[in-house]
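So the structure is just underneath, and the comments pick up after that.
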Amino acid sequence: MTNEELWKAVLGEMELSLSRANFITWFKNTSILSKDKGAVVVSVPNGFIKEWLENKFNKRILLSIRNFVPEVREVRYLIGRPKIELVKHDFSSIILERGMEDRPNNDSDKDIDRTTNLNKRYNFESFIVGSNNELAHAACLAVTKNLGKLYNPLFIYGGVGLGKTHLLQAIGNRILNENNLKNILYISAEKFTSSITESIMNRTIEDLKARYSQLDLLMIDDIQFIAGKEKTQEIVFSTFNELYGKNKQIVLSSDRPPQAIPTLEERLRSRFEGGMIADIGVPDFETRLAILKQKSHEKVYDFSNETLVYIATHIQKNVRELEGALNRVGAFSQIYNRVPDIKEVKNILNTYLSSPYRKTSPQSILKSVAEFYNISSNDLVKRSRKKEVVRPRQVAMFLLREETKLSFPEIGQKLGGRDHSTVIHACEKIKSESSIDEPLKQELVLIKERVYNSFDK
């Protein structure tokens, strides 16, 4: 196994467990310089990244390397020019399709339209429809046939890696293919915010607003990130009104429904809820298997049905993890130039599937709840009865009970010395409501993800 092949495999594993921004920030322009006497030397572009990898990711990188080369006992980091670039590994298409800045020139970059930010590879034909996403898929298709007239705005929400970005960009690509004169823009909320900040600094904010107002179709991904950003919300509001008044189409995506986005101005919340809202849930087994079969066909993997069934059975969280597991098996197949049998597949995915249980702490739960609802941890402890604090406090009580098994009196003490009967009421209330309230159920899932992802930071 060459150094380049080894590092491709490691990058593949790291990409599965990190956010898109973190992966690119910390692993772009890295490579393995040498592998000798149980030590691997990794090239990094600067001292900042060197320090971060040493302090934050070293253990995970070492474990990943040892999955392929068990005799390795140490990883060292050296500032220097890399031999290979991040975008050349098997997961480059995933990076490029996310519209990140400072993308190097390579063949995959041709898939990105610089004017619209659309990736040509996202289309309705390659989107697998199942019971978890059929409403969202149908709504997106309907929008392409009645731009600005039927569902406006269209608001798609769901958890990470379930296909929101795919559907948004599929709308844009379908419209662009039918009429290339349409003025279309796909943009992430983070990039939208950055463009506003830059325009304010350059005193060109009016020019920016004028450009947005000329669009026929505006798609903003991860709109929840504008929460708490007053100037961004102001521009979104004015742009929304301008486009809506002209019957121009607006499509938004979020990891939660409008009413669950904290510190979102009420006037924006009202407009987001004024059109069509469709959710995307976790795919069922049949949908997961269909996705794997399509991805295998696209990548020309010759895996047995038993292998695909095994992956579909054990990877249930989201589409991104499904593809990541498939790519991991594919990397083995390419490196050793043969198709692994089911026993080897189980070994390849063993580390990924058998993550050790990680006990959380009350502090981590309180911090994650506060961050999710955009309040301070102190707000959870205070005696405030404000609506924006009461619900998060009840959620915190429920999660403390579920995840740490603290007693009701102990939870009451953690939250400002409240009576145990108050805690019992909160836990029963959240448990009961989450069984019928899908948005609340998704909020709990997202908060738990924050809690357990905090172990990796």
Side-chain angles (χ1 to χ4, degrees), residues 17-22 155-162 164 188-190 193 220-230 232-233 252-266 268-269 272-273 277 279-282 317-318 358-382 384-404 406 411 414-416 423 426-427 429-435 437-457:
S17 60
L18 298 175
S19 69
R20 57 192 179 191
N22 276 343
F155 193 102
I156 306 293
Y157 76 91
V160 175
L162 294 177
K164 301 186 298 295
S188 70
E190 292 171 292
T193 301
I220 304 180
D221 213 350
D222 290 326
I223 193 69
Q224 74 273 6
F225 286 116
I226 72 169
K229 300 178 175 67
E230 293 182 7
T232 300
Q233 292 192 46
L252 309 166
S253 85
S254 173
D255 64 356
R256 65 198 84 171
Q259 69 267 27
I261 301 177
T263 63
L264 181 68
E265 292 181 7
E266 193 56 42
L268 271 179
R269 194 188 314 275
F272 291 173
E273 293 176 339
I277 299 178
D279 72 303
I280 301 180
V282 175
K317 205 170 182 182
N318 61 48
R358 296 175 293 185
K359 186 177 179 180
T360 186
S361 66
Q363 292 75 19
S364 178
I365 289 176
L366 295 178
K367 180 175 181 291
S368 297
V369 170
E371 288 177 349
F372 183 84
Y373 291 107
N374 204 25
I375 59 177
S376 72
S377 297
N378 287 336
D379 288 331
L380 296 173
V381 178
K382 293 177 182 176
S384 172
R385 297 294 302 169
K386 292 180 180 179
K387 180 182 177 182
E388 58 267 26
V389 174
V390 171
R391 171 51 70 90
R393 185 185 295 128
Q394 292 175 334
V395 168
M397 291 176 176
F398 173 77
L399 291 175
L400 284 170
R401 179 66 176 174
E402 290 290 306
E403 302 301 314
T404 68
L406 288 175
I411 294 172
K414 294 286 183 186
L415 290 163
V423 180
C427 291
K429 179 180 175 65
I430 297 300
K431 182 177 181 179
S432 173
E433 291 184 5
S434 64
S435 65
D437 186 342
E438 187 62 31
L440 175 57
K441 187 187 299 184
Q442 291 208 14
E443 286 181 35
L444 295 174
V445 170
L446 290 165
I447 294 170
K448 287 179 185 178
E449 286 183 1
R450 282 174 175 261
V451 170
Y452 290 104
N453 285 341
S454 67
F455 285 93
D456 299 328
K457 295 178 181 178

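- From L162, atom CG reaches atom CD1 of I156 across 12.0 Å, with rounding to the nearest 0.5 Å.
- In this structure, CE on M397 lies 14.5 Å from CD on E402, to the nearest 0.5 angstrom.
- Counting heavy atoms from C-beta outward, L400 and P362 have side chains that approach closer than 4.5 Å.
- Of the inter-residue distances, the one linking I223 atom CD1 with S253 atom OG reads 8.0 Å to the nearest 0.5 angstrom.
- P257 approaches F155 most closely through the heavy-atom pair CA-CE2, 4.1 Å.
- Sorted by first then second residue, the salt bridge (Lys or Arg N to Asp or Glu O under 4.0 Å) pairs that include residues 256-265, not counting sequence neighbours, are E265-R267.
- Of the inter-residue distances, the one linking Y157 atom OH with D255 atom CG reads 11.0 Å to the nearest 0.5 angstrom.
- Between the side chain of R393 and the backbone N or O of S384, at least one donor-acceptor pair lies under 3.5 Å.
- No donor-acceptor distance shorter than 3.5 angstrom exists from the side chain of S368 to the backbone of I365, with no hydrogens or angles considered.
- Looking only at distances, a side-chain donor or acceptor of Q233 sits under 3.5 Å from a matching main-chain atom of I226.
- The two atoms that bring S376 and A370 nearest to each other are C-CB, 3.8 Å, heavy atoms only.
- Applying the salt bridge (Lys or Arg N to Asp or Glu O under 4.0 Å) definition to pairs two or more places apart or across chains, those involving residues 369-382 are K367-E371, E371-R450, D379-K382.
- Ion pairing between E273 and R269 fails under the 4.0 Å rule for side-chain N and carboxylate O.
- Here the NZ atom belonging to K414 is positioned 6.5 Å from the CG atom belonging to L406, to the nearest 0.5 angstrom.
- Residues F272 and L252 are in side-chain contact: their nearest non-hydrogen atoms beyond the backbone lie under 4.5 Å apart.
- The two atoms that bring I261 and A227 nearest to each other are CG2-CB, 3.8 Å, heavy atoms only.
- A distance of 11.0 Å separates CG in L415 from CD in Q394, rounded to the nearest 0.5 Å.
- Remark: the Y373 side chain and the E443 side chain contain an N/O donor-acceptor pair separated by less than 3.5 Å.
- Atom CD of E266 sits in a crowded spot, with more than 12 heavy atoms from other residues, nucleotides or ligands closer than 6.0 Å.
- K164 places a side-chain N or O within donor-acceptor distance of the main-chain N or O of G158, the cut-off being under 3.5 Å.
- Considering I411, V451, I447 as possible partners of L399, the one that fulfils the side chain to side chain contact (heavy atoms under 4.5 Å, CB included) test is I447.
- Every side chain to side chain contact (heavy atoms under 4.5 Å, CB included) that S434 has, sequence neighbours left out, goes to L440, L444.
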